[in-house]
Amino acid sequence: MKKNLLSFYLICLIVMLSSCSGGDDIANNTGNKKKAYAYFEKTEMSATAGASEYSLAIDWAYSKWSITKGDGDIIKTITPTTGGMLDGKPQTVTIKVACNANTGLNERTQTIILTDEVNNTTTKITIRQEAAMSIVNLSINTSQKHQSVVGFGGMYNPKIWCGNNLINLSQLQSMYGKDGLGYNILRLMIYPNEADWSADVEAAKAVQQMGGIVFACPWDCTTALAETISVNGRDVKHLKKENYTAYADHLIRYINYMKGQGVNLHAISVQNEPDMDFTFWYPNEVVYFVKAEGQRIRNTGVLLMSPEACGTQPQYTDPIINDAEAMAQTDIIAGHIYQGFIDLDYSYVKNRHDYICSLYSRLSGKTWWMTEHLFNDGEKESDSSKWLFQKWNYVLTHLAKEIHMTMEGNCSAYVYWYLKRFYGLMGDNDSRSPVSEGLITKNGYVLSHYAKYAANTTRIDAQTSDTNIKATAYINKSGDEITIVALNFGNESNMLSIDYPGVKSVTAEETTEKKDMKSVTTEGSESKFYVPISAQSIISIRLKL
């Protein structure tokens with residue numbers, strides 16, 4: 001009996017030793033033993049900031065395995081999360097890992113844990129996801145002050161040219177009203193026929209009541225006061241010198257008429273584009289008129305603009321600035337920039353740009369205004385794909401860039417051509433209009449970024465650390481608000497990092513190809529904060545101090 005019991009214990013011991021000989025050896029059906037394992041092929045993986053999917057390799061044999069996630073928000077899904085079999089031969093399997101986008105400022109990590117269920121061991125892979133955007137430093141300097149900025153707006157569609165495309169009060173409200181685009185300057189045509197003056201009164205009064213300013217410009221000196229002369233082989237209308245006083249009387253009557261209707265004009269121009277054919281003036285004639293009649297016009301309480309030439313050419317602008325008597329009667333140096341301003345790769349354009357941007361330093365405290373320009377490239381093409389004025393990239397690199405450059409050039413007001421036109425700030429009934437009549441175009445939103453954030457301020461210094469991102473900054477009169485308008489011409493989104501002490505709140509609005517003046521979420525403390533800026537975008541930022 002004892003011998004049998006001893007034999008039983010010996011058999012049990014052999015079985016126990018056999019079963020404990022190592023979990024990584026699995027017996028197959030023939031009794032042979034194989035090595036069991038399951039592990040990731042690598043220990044780290046990099047992920048981009050955006051939502052993405054990656055493949056990971058697992059080497060395994062003769063084991064079952066399972067996957068779990070470590071703490072973190074990177075991983076959205078893992079497929080599959082289990083696999084293997086006890087009699088599986090050595091092989092590699094691929095799993096799919098879907099990652100959420102990183103919207104934060106910092107790189108983040110999360111682990112994936114693989115458990116080898118035969119050996120009861122784990123291996124890990126660490127996912128390192130890059131930050132949402134690269135950081136671009138934007139610095140502002142309130143001690144470096146530049147020009148005062150009066151505002152932004154456009155040309156009211158004149159009755160005598162746009163009889164079937166006028167602007168109603170509701171449309172005007174959407175541009176100049178409290179909850180509108182923030183425009184605050186309206187430009188009017190002084191019609192040669194005094195019977196037409198009443199046509200613009202309602203609009204001018206409405207803009208004035210909404211807090212805007214109104215100025216007016218004459219195109220036609222009237223037939224009664226004009227003659228025809230030949231200039232460079234073409235016949236043009238010309239104001240007779242002996243009629244200068246009568247012409248000044250014409251302008252003064254307009255001022256007084258509008259005043260009688262409740263419209264207090266901010267300024268009046270001597271002549272819209274005296275270098276063109278509407279009514280042609282030689283440069284010395286503009287100087288003479290301003291010296292002879294300027295004081296009478298200004299005695300009405302209205303500011304006088306001159307010379308308002310088509311290209312702000314030196315041959316028209318310099319004679320006014322260089323004549324002390326004429327300059328004394330000129331409150332605003334006005335001009336247009338039709339002959340090139342933004343493409344500095346061309347020497348002709350660069351010379352024009354540099355000349356125009358140098359005006360402010362010569363004005364002894366007075367200002368210069370850009371009172372007319374438009375962008376309509378491709379409008380005569382029958383192929384709509386060539387209507388460049390409809391394309392966001394064109395708007396960004398033309399109108400937005402030009403306003404930025406005029407602000408950097410110490411311009412105090414930017415006034416677009418027609419408010420309502422297919423290439424303007426509001427869509428009209430033309431088949432080429434990018435939006436329905438009465439809706440705001442991309443041009444309109446771009447101008448709004450400046451109108452809502454830069455009007456009635458003083459420009460201060462602003463610099464960025466990325467050449468693709470341009471910015472201008474402004475401070476209000478009370479000194480308790482700083483605003484910034486930034487343009488991202490690059491193809492990558494970035495995070496603007498701004499250091500400024502004592503900021504109580506930060507808000508921002510952005511326009512891209514897909515969105516118009518949409519709010520942007522900002523991050524940070526009272527002295528350092530972050531604002532995301534999309535690729536190919538314009539963004540306006542308001543800092544409450």
Side-chain angles (χ1 to χ4, degrees), residues 150-151 153-163 165-169 171-173 175-176 183-226 237 239-240 242-274 278-279 281 286 289-290 292-308 329-332 334 369 371-372 413 415 417-420:
V150 177
M155 177 73 189
Y156 186 68
N157 293 32
K159 165 191 172 181
I160 62 174
W161 288 357
C162 304
N165 191 28
L166 299 180
I167 302 171
N168 62 44
L169 289 182
Q171 293 167 348
L172 208 61
Q173 179 81 27
M175 292 184 278
Y176 290 85
Y183 302 168
N184 70 325
I185 299 178
L186 182 69
R187 185 184 187 219
L188 300 179
M189 175 183 285
I190 301 176
Y191 305 126
N193 185 349
E194 296 184 16
D196 292 325
W197 289 353
S198 62
D200 297 345
V201 168
E202 189 177 29
K205 286 178 66 175
V207 167
Q208 188 174 269
Q209 290 167 0
M210 288 183 270
I213 62 176
V214 181
F215 75 99
C217 309
W219 268 249
D220 188 336
C221 71
T222 78
T223 300
L225 304 179
K237 179 173 280 191
L239 175 65
K240 294 179 181 180
E242 59 264 33
N243 289 333
Y244 280 10
T245 297
Y247 179 62
D249 290 341
H250 171 71
L251 299 181
I252 292 170
R253 281 197 302 275
Y254 178 83
I255 293 170
N256 290 332
Y257 172 81
M258 295 299 279
K259 188 179 297 184
Q261 299 300 311
V263 178
N264 296 309
L265 294 174
H266 180 78
I268 196 168
S269 173
V270 171
Q271 171 65 50
N272 169 75
E273 298 182 350
F278 306 108
T279 297
W281 298 59
V286 181
F289 179 84
V290 170
E293 303 293 343
Q295 187 62 63
R296 278 207 308 135
I297 296 171
R298 296 172 72 238
N299 284 344
T300 64
V302 172
L303 302 180
L304 187 63
M305 295 175 147
S306 65
E308 208 180 7
Q329 300 301 330
T330 300
D331 299 293
I332 299 168
W369 290 23
T371 52
E372 183 186 316
V415 182
W417 180 225
Y418 284 145
L419 286 166
K420 182 181 175 183

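The structure presented is a predicted model; accordingly, all values stated were derived computationally and were not measured. In what follows, every heavy atom counts, from backbone to side chain, and hydrogens, waters and symmetry copies are set aside.
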Can you name the closest pair of heavy atoms from [X] and [Y] and give their distance?
X: Q329; Y: G294; value: OE1-C, 3.7 Å
X: S269; Y: C217; value: CB-SG, 3.8 Å
X: W219; Y: L188; value: CZ3-O, 4.4 Å
X: Q173; Y: M210; value: OE1-SD, 3.4 Å
X: V286; Y: S306; value: CG1-CB, 4.5 Å
X: Y176; Y: G154; value: OH-N, 3.5 Å

Parallel under 30°, tilted from 30 to 60°, perpendicular over 60°: which one fits the rings of F278 and W161?
tilted
Between [atom1] of [X] and [atom2] of [Y], what distance do you get to the nearest 0.5 Å?
X: N157; Y: I167; atom1: CG; atom2: CD1; value: 4.0 Å
X: L239; Y: W281; atom1: CG; atom2: CH2; value: 5.0 Å
X: T245; Y: L225; atom1: OG1; atom2: CG; value: 10.5 Å
X: I190; Y: T222; atom1: CD1; atom2: OG1; value: 12.0 Å
X: N272; Y: E372; atom1: CG; atom2: CD; value: 5.5 Å
X: M258; Y: I268; atom1: CE; atom2: CD1; value: 10.0 Å

Please determine whether side-chain contact (heavy atoms from CB on, under 4.5 Å) holds for the pair Y156 and V207, giving the CA-CA distance in whole Å, both sets of side-chain angles, and the decisive distance to 0.1 Å.
CA-CA 11 Å; Y156 186 68; V207 167; over 6 Å; no
Pairs involving residues 250-265, ordered by first then second residue, that meet side chain to side chain donor-acceptor pair (under 3.5 Å) (sequence neighbours left out)
E194-R253
Do any pairs count as a salt bridge (charged side-chain N to carboxylate O under 4.0 Å, His left out) and have a residue in residues 297-308, sequence neighbours left out, and if so which ones?
R187-E308, R298-D331
May I have all residue pairs that pass salt bridge (charged side-chain N to carboxylate O under 4.0 Å, His left out) and include part of residues 200-224, sequence neighbours excluded?
D220-K237
Take L419 and L186 through the side-chain contact (heavy atoms from CB on, under 4.5 Å) test and state the conclusion after the steps.
CA-CA 9 Å; L419 286 166; L186 182 69; 3.6 Å; yes
What residues form a side chain to side chain contact (heavy atoms under 4.5 Å, CB included) with N168, not counting sequence neighbours?
S170, Q171
With a 3.5 Å distance limit and no angle check, can you tell me whether [X] reaches the backbone of [Y] through a side-chain donor-acceptor pair?
X: Q271; Y: C221; value: no
X: W197; Y: Y191; value: yes
X: Y247; Y: V270; value: yes

Those residues that, when tested against K159, pass salt bridge (charged side-chain N to carboxylate O under 4.0 Å, His left out) (two or more places apart):
D196
Of all residues at least two apart in sequence or in a different chain, which pass the salt bridge (charged side-chain N to carboxylate O under 4.0 Å, His left out) check with R296?
D249, E293
Side chain proximity check, [X] to [Y], heavy atoms < 4.5 angstrom:
X: I332; Y: F215; value: no
X: I255; Y: I297; value: yes
X: L303; Y: H266; value: yes
X: Y418; Y: P158; value: yes
X: L251; Y: P218; value: yes

